[in-house]
Amino acid sequence: MNQYRTHTCGALRSSDIGKDVTLSGWLHNRRDHGGVFFIDLRDHYGITQLVVQSDAPFFDALTHLQKENVIRIKGKVEKRDPETYNPRIDTGEVEVRIAEYDILGPAEPLPFAVYPEDEVAEELRLTYRFLDLRRQQLHRTIMLRSAVTARIRERLTAQGFTEFQTPILTASSPEGARDFLVPSRLHPGSFYALPQAPQQFKQLLMVAGFDRYFQIAPCFRDEDARANRSPGEFYQVDLEMAFVEQNDVFAVIEDLFTDLFATFSTKRVDAAPFRRIPYREAMLKYGTDKPDLRNPIVIRDLTDVFRGSEFSIFAKQIDTGAIVRALPVRKACDQPKSFFNGMIDWATSSEVGADGLAYLIWNNGEVKGPIAKVLSDERMAQIREACEITDGDVVFFVCDKPQKAVDIAAKVRTRLGELLNLIEPDCFRFCWIVDYPMFEADEVSGAISFSHNPFSMPQGGMDALQNTPPLDILAYQYDIVCNGEELSSGAIRNHRPDIMYKAFQIAGYTPEEVDAKFGGMIKAFKLGAPPHGGIAPGLDRLVMLLADCQNLREVIAFPMNQRAQDLLMDAPRPVAPQQLQELHIRTVVPEGNNNR
RNA sequence: GGGGUGGUAGUUAAGUUGGUUAUAACGCCGGCCUGUCACGCCGGAGGCCGCGGGUUCGAGUCCCGUCCACCCCGCCA
């Protein structure tokens, strides 16, 4: 091929025996037996065993060469004895006898081993990310990400989507997350913002008549990190379609996800169409709008059963507005007392914040548990019926103010699923959460505000806005959830200025305020906008699921750490005073901060 | 901004109720070994125990402060 190699390190087979070859790569591993010396040579494609014996003139020098030096060797491909085949590498039936070698890229001692891939502090991995990326595990994940991205482009293009680029330097958006700002040199005191998402641009492309848009879009939000949320920047598979209803968007995503998960994972995947769960049903049954459907526990509301009951602790709380949520667990009656006590301790810890956790155990025709003797037979029968109890089942009860009870029940559901090993293994369970409420009331003031995206179309349109109590209005707003992980929100957009002004009016905005904040969009919508809608699944989270990673940084080649620093490039960092001057910027660093 | 966990050799960790010279594995350096593929064996070097202060005859260990990392809450329309 060229001066560096005739073959890659993953290429040689028995059919190449006898050939003179040139290989280049990293010195992956070495085994020195005194008279004979083995090298595993590694490149992107694989590993080839090299061998040299002590009669070679360069033997001594080569045996002192350390791992991760980049070398080139020339030699002859030889057959290995069958008993020395290495089935774990593709080239395991052959080896190359080194005739000559030279060092292409010398390596100083490493801060941590590329091989074997022992655990290393993440800070160190990030500081030397290029070494980390040499390791097989991360190397493969990044390759998977690339393959997934390519497949998405293929699949969406086949479905008639067109890929666009939208501006990176744009305007600060009035709502949502904190923006990253970029000072303008030409316009002193003014700033660009990096886009939190190309939301407005993609809608404008629909107004422009492009019909089906997509983009592997970089998004920037200046918010704090989580294990499944990068600080600063992340990527969305952003798409938008004109003249569509909700189900059209679902069909595109179901096709895409079914294909991606079948192609890149061996786990079982739900068949399309994915289950649709109305928001209110999800909040009741799972306590969250991102339910993990691998967990079989389904929550019930038993407020009415306990209202005015003999169990006065619950009855009194219900009288002051509390609700009761029940979590039936099948065949859990044999758990030891310590398990139930442990659940109570955990539930009442500050992490969860429950006042208590009641439970009943049905075992051999008897009902046991601290509250068993307090409740009448009649109520016990009602519980039994509501929770569809059969012998051996256990029910946990949470009683609290509505929002808190829902949250606690969700946590208890997750906890029980984990502790009792109820989570269905090796599968992806998808669902759409639909029928989000358009508005919500502030708990304290009662003020009406948008509960989600103000640009979603209300179900029922103008008529609903005019004639339905605001809190009862639903939106064409949806989320797709997989294994408890929110992959994306989307919506059929509100493309009608009249409906938009009305929706904003309900949320307390005057037309003037709407014009001031979203004038650009409104102007476009006044000049002939098609009905349209879309969605934007997070690429990083998608790859995370496919690669079975617990942390987003494992699917990003060059991630920032939790404090939004790039330890490899040393960003962010102070800049030269002259740069600030050109930008008309003066910094005021808080006292005690060393500016790093 | 708040809570949790952690910080000991290049790396990963152990270090007991405070008590002689702070351990081990891998890596590194030197030596031995002709068929390994986590090669094996012998020897050696390597430490601001995150940093600062305090208690004590004596601190890796106890106390206070501080810095750093990760996880969580807030935040993420």
Side-chain angles (χ1 to χ4, degrees), chain A residues 28-42 47-56 59-60 63-64 66-68 78 80-89 91-92 95 97 107-128 131 173-179 196-197 199-200 219-234 349-353 407 411 436 438-440 449-456 475 477 486 489 491 504 507 517-518 538 550-553 561-563 565 567 590 592-594 596:
Chain A
H28 183 66
N29 199 17
R30 12 169 296 147
R31 291 173 294 282
D32 184 355
H33 290 253
V36 59
F37 180 58
F38 298 101
I39 288 175
D40 291 334
L41 192 68
R42 181 196 74 237
I47 287 174
T48 300
Q49 175 165 284
L50 314 177
V51 63
V52 61
Q53 277 175 334
S54 48
D55 54 1
F59 185 82
D60 258 9
T63 57
H64 283 87
Q66 288 312 314
K67 291 183 188 181
E68 297 306 312
E78 294 185 353
R80 293 208 212 180
D81 286 337
E83 60 268 26
T84 65
Y85 282 178
N86 184 350
R88 298 194 301 180
I89 55 176
T91 61
E95 63 193 2
R97 185 161 302 271
E108 294 172 13
L110 306 170
F112 61 87
V114 171
Y115 175 85
E117 300 190 20
D118 294 332
E119 208 166 299
V120 179
E122 193 170 21
E123 187 179 7
L124 199 59
R125 291 175 54 200
L126 293 176
T127 306
Y128 296 92
L131 288 184
S173 57
E175 311 249 314
R178 201 175 290 115
D179 282 317
Q196 296 182 21
Q199 183 66 33
Q200 297 200 41
C219 304
F220 306 90
R221 295 175 193 178
D222 189 2
E223 298 293 349
D224 290 346
R226 287 289 181 280
N228 65 356
R229 200 169 79 208
S230 309
E233 54 185 80
F234 61 97
S349 70
S350 60
E351 182 192 342
V352 182
D407 288 346
K411 285 180 180 164
Y436 276 85
M438 186 82 191
F439 301 102
E440 63 188 12
S449 63
F450 291 106
S451 65
H452 243 79
N453 183 332
F455 300 114
S456 301
Q477 167 85 39
E486 182 196 312
S489 286
F504 272 97
K517 283 186 162 187
F518 310 106
Q550 302 308 306
N551 191 304
L552 209 55
R553 291 184 293 274
N561 68 5
Q562 184 162 281
R563 294 215 310 161
Q565 295 167 302
L567 296 175
N593 187 317
N594 62 3
R596 296 315 302 263

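So that the names make sense, note that chain A is the first sequence line, chain B the second, and so on, each numbered from 1. It should be emphasised that the depicted structure is a prediction, and the values quoted were computed from it without experimental measurement.
Comparing atom distances between the A:R31 side chain and each of B:A69, B:C76, B:C39 picks out B:C39 as nearest. Nearest nucleotide to the A:D40 side chain, out of B:U11, B:C37, B:C75: B:C37. Proximity note for A:E95 (side chain, C-beta onward) versus B:C70, B:U34, B:U36: the nearest is B:U36. Which of B:U12, B:C37, B:A69 sits closest to the side chain of A:R563 comes down to B:A69. Distance from the side chain of A:E223 is smallest to B:C76 among B:A77, B:C76, B:C70. In this structure, the nucleotide among B:U12, B:A77, B:C70 sitting nearest to the side chain of A:V120 is B:U12. Taking the side chain of A:F38 as heavy atoms from C-beta on, and the options B:U36, B:C70, B:U12, the nearest nucleotide is B:U36. Looking at the side chain of A:T84, the nearest of the listed nucleotides B:U36, B:C71, B:A77 is B:U36.
Ion pair A:D40/A:R31 flagged as a salt bridge, since at least one NZ, NE, NH1 or NH2 atom sits closer than 4.0 Å to an Asp/Glu carboxylate oxygen.
Only the P atoms considered, B:C42 is 14 Å distant from B:A24, to the nearest whole Å. Taking the P atoms as reference points, B:C64 lies 25 Å from B:U20, given to the whole Å.
With a 3.5 Å ceiling on both atom-pair distances, the Watson-Crick or G-U wobble partner of B:C70 is B:G4. When both pairing distances are held under 3.5 Å, B:G40 makes a Watson-Crick or G-U pair with B:C32. The partner of B:U16 is absent, by the rule that a Watson-Crick or G-U pair needs both atom distances under 3.5 Å. Nucleotide B:U21 has no partner under the Watson-Crick or G-U criteria, as no pair reaches both atom distances under 3.5 Å.
Around atom OH of A:Y128, no more than 12 heavy atoms belonging to other residues, nucleotides or ligands sit under 6.0 Å away.
Classified by interplanar angle (parallel below 30°, tilted 30° to 60°, perpendicular above 60°), the ring pair A:F37/A:F59 is perpendicular.
Remark: A:N228 is not in phosphate contact with B:C76, judged by side-chain N or O atoms under 4.0 Å from OP1 or OP2. Taking side-chain N and O atoms only, A:Q562 has a distance below 4.0 Å to OP1 or OP2 of B:C71.
Sequence order on RNA chain B of the closest nucleotides to A:Q53 and A:H452 puts A:Q53 first from the 5' end. Toward the 5′ end of RNA chain B lies the nearest nucleotide of A:P111, the other residue of the pair A:L567 and A:P111 mapping further downstream.
Within 4.0 Å of A:R125, counting heavy atoms only, lies no atom of the nucleic acid at all. Within 4.0 Å of A:F37, counting heavy atoms only, lies no atom of the nucleic acid at all. If you check every strand for non-hydrogen atoms under 4.0 Å, A:H33 touches a base.
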Discussion item. What does the B/S/- profile of nucleotides 23-30 of chain B look like, 5' to 3', with a 4.0 Å heavy-atom cutoff to protein?
Written reply: -----SSS
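Judged by atom type and distance alone, A:D32 reaches the base of B:C33 through a side-chain donor-acceptor pair under 3.5 Å. Put simply, the side chain of A:R80 and the base of B:U36 share a donor and an acceptor less than 3.5 Å apart. Donor-acceptor pairing under 3.5 Å, judged by distance alone, is absent between the side chain of A:E119 and the base of B:U12. For A:R229 against B:C76, a side-chain N or O and a base N or O form a donor-acceptor pair under 3.5 Å. The base of B:G35 has none of its N or O atoms less than 3.5 Å from a complementary donor or acceptor on the side chain of A:D81.
A:H28 pairs with exactly one of A:L41, A:I39, A:I47 by the side-chain contact (heavy atoms from CB on, under 4.5 Å) rule, that one being A:I47.
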